[in-house]
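Lettering of chains follows the sequences in order, A, B, ..., and the numbering in each one begins at 1. In this text, all values refer to a predicted model and were calculated from it rather than measured experimentally.
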Protein chains: 2
Amino acid sequence: MARRGGYAKGIAKREEILSTALDVIARHGYRGASVKEIADAVGLSQAGLLHHFGSKEDLFVEVLRKRDEHDTAVALTAFAERGITGALDAFVGVMRANADVPGLVLLYSALAVEAADPDHAAHAYFRDRREIFRAALAGGIRQMQDDGALDAHLDPDTLATAIHALADGLQVHMLIEPGLDMAGVIQHVVGALRPEPRHDEGGRA
Amino acid sequence: MARRGGYAKGIAKREEILSTALDVIARHGYRGASVKEIADAVGLSQAGLLHHFGSKEDLFVEVLRKRDEHDTAVALTAFAERGITGALDAFVGVMRANADVPGLVLLYSALAVEAADPDHAAHAYFRDRREIFRAALAGGIRQMQDDGALDAHLDPDTLATAIHALADGLQVHMLIEPGLDMAGVIQHVVGALRPEPRHDEGGRA
DNA sequence: CGCGAATACCGTACGCCATTCGGTTTCTGA
DNA sequence: TCAGAAACCGAATGGCGTACGGTATTCGCG
């Protein structure tokens, strides 16, 4: 487990480790991002690194958790300022932004799969996150249906599940086809689910 | 590389290894499916196992490749017998069937992510497969649009990309939520993309 | 200011992993 | 039937994540 409390030096080092880990993943791939490699990059021994985060898994989960905090803050602000449509735009915008952070998509996808193991540190993270995200998404869908911005025949829960899965699936595919315009694909599909007058927004693979 | 040629004994052993590997993954998880574990399960030493498949990665890719052969055969037969709608049904049916093979979804998802590394044995497999699958899917979509079974405003390539990503994303999510009805979700979404008279098929998460 | 407990960090060692190598046994078609 | 190919093994190698015991540094509190 990550050590609690912390001197100024430790807190700073922890931050440095979190961002350096992403760099190392981006440069060496997920397989090449060993504890030794990350430790070298921040100028620590392996044991020194593991002092800050109890395990490699914990470190990686922490990277995602921190990114989540930032992302949800962005989405909530957009919702407060521009309502549900703003939140949807923010969601797509966040995806677009995260896609440009090298290593992040790779880390997210890798952990999402490893988290299948109930003993994995990321298991609880993904389970909880999935539930929260889907509930929020389903709520937004319902609201858009009330506003007439989305086909009323659709089941909000099923559609929320689908959109979340679509987003995660696109990230996996992006690993093999880096040019993939994830946000564009999502916009195209969501745009197709409007009730009558189809907007026809772009987005090619 | 997998040894070529082969005596009867070797061919039989190879088949046994392929199916046993899935069992071990199902029982011990992807992490627990070490070469030693699989070798023990088939009654071989680690070196003995690696004699049949040059590496662990090669072995796993072979499992997927074999499953693909079966699946595409099913889809092609359905297409020949019942046209494009039959092929779509077959696709959903194959997903449903594979979801019931313990270990298969796990192996597929894990390799899909590992394949991000260009040096990984599965990289070429997923790259090629992705291209073939999307082209076939886009062709089917175009045909369904001509038949009036699908909204004509949709871009076939983008939609094909989306459906493929949706299918893969659902598999990842299924690892954490085993009860997830992947096929149902896909049917619901595709059903929603019909032109005018919405069918409203079920499918809850 | 200075003391001592908490924190930061390191060297070493352990067990597991995939893979390699050189060797022995078993198979089979010519 | 017999040579060469294939099947298989034991042991060794290098890399991995991590546990442990120890030392050096930090900094709130008296």
Side-chain angles (χ1 to χ4, degrees), chain A residues 1-18 20-21 24-25 27-63 107 110-111 114-115 117 119-123, chain B residues 1-18 20-21 24-25 27-63 107 110-111 114-115 117 119-123:
Chain A
M1 322 118 194
R3 291 298 198 285
R4 333 231 86 248
Y7 299 156
K9 193 184 182 190
I11 293 173
K13 203 67 183 177
R14 250 189 300 269
E15 288 300 311
E16 190 190 343
I17 293 171
L18 288 176
T20 304
V24 174
I25 292 173
R27 244 196 323 274
H28 296 72
Y30 187 71
R31 286 199 291 183
S34 62
V35 171
K36 172 178 165 42
E37 214 68 41
I38 300 173
D40 286 352
V42 289
L44 285 181
S45 70
Q46 298 182 228
L49 205 178
L50 267 313
H51 160 78
H52 292 286
F53 306 88
S55 72
K56 190 192 179 191
E57 292 176 2
D58 287 337
L59 161 59
F60 283 165
V61 171
E62 213 55 41
V63 174
L107 175 62
L111 278 195
E114 287 185 8
D117 185 341
D119 293 338
H120 196 284
H123 185 77
Chain B
M1 325 116 196
R3 291 300 197 282
R4 333 231 87 249
Y7 297 158
K9 192 186 182 189
I11 294 173
K13 204 67 183 177
R14 253 188 298 268
E15 288 300 312
E16 190 192 343
I17 294 171
L18 288 176
T20 303
V24 174
I25 291 173
R27 242 197 322 273
H28 296 72
Y30 186 71
R31 288 199 290 183
S34 63
V35 171
K36 171 177 165 43
E37 214 69 41
I38 300 173
D40 286 351
V42 291
L44 284 180
S45 70
Q46 298 181 226
L49 205 178
L50 268 313
H51 160 79
H52 292 286
F53 306 89
S55 72
K56 191 193 179 190
E57 293 177 1
D58 286 337
L59 161 59
F60 283 165
V61 171
E62 213 55 43
V63 174
L107 175 63
L111 278 196
E114 288 185 7
D117 185 341
D119 293 337
H120 196 285
H123 184 78

Could you tell me the separation between the NZ atom of B/K13 and the C1' atom of C/dC27, rounded to a whole number of Å?
15 Å

Under 4.0 Å: is that the gap between some side-chain N or O of B/H51 and OP1 or OP2 of C/dT20?
no

Return a single string for nucleotides 12-30 of chain D, one symbol per nucleotide in 5' to 3' order, where B is base contact, S is sugar-phosphate-only contact and - is none, cutoff 4.0 angstrom on heavy atoms.
----SBB-------BS---

Rounded to the Å, how far apart are A/F53 CZ and C/dC9 P?
11 Å

Using the side chain to side chain contact (heavy atoms under 4.5 Å, CB included) criterion, which residues pair with A/H120? Sequence neighbours excluded.
A/E57, A/L111, A/E114, A/D117, A/A122, B/R31

Here the gap from A/E62 atom CD to A/E15 atom CD, rounded to the nearest 0.5 Å, amounts to 9.5 Å

What is the distance, rounded to the nearest whole Å, between atom CD1 of B/I38 and atom P of D/dC8?
16 Å

Contact check, side chains of B/V63 and B/I25, non-hydrogen atoms, under 4.5 Å
no

Rounded to whole angstrom units, what separation is found between the CD atom of B/E15 and the C1' atom of D/dA7?
17 Å

For B/H28 and C/dC16, give me the distance from atom NE2 to atom P, rounded to whole Å.
14 Å

Distance-minimising heavy-atom pair for A/A121 and A/D58
CB-OD1, 3.4 Å

Under a 4.5 Å cut-off applied to non-hydrogen side-chain atoms, are B/L18 and B/F53 in contact?
yes

B/L49 CG to C/dT20 P, in whole Å, measures 14 Å

Could you give the side-chain donor-acceptor pairs of residues 32-45 of chain B under 3.5 Å, partners two or more places apart or in another chain?
residue: B/S34; atom: OG; partner: B/E37; partner atom: N; Å: 3.2
residue: B/K36; atom: NZ; partner: B/D40; partner atom: OD2; Å: 3.0
residue: B/S45; atom: OG; partner: B/G48; partner atom: N; Å: 3.0

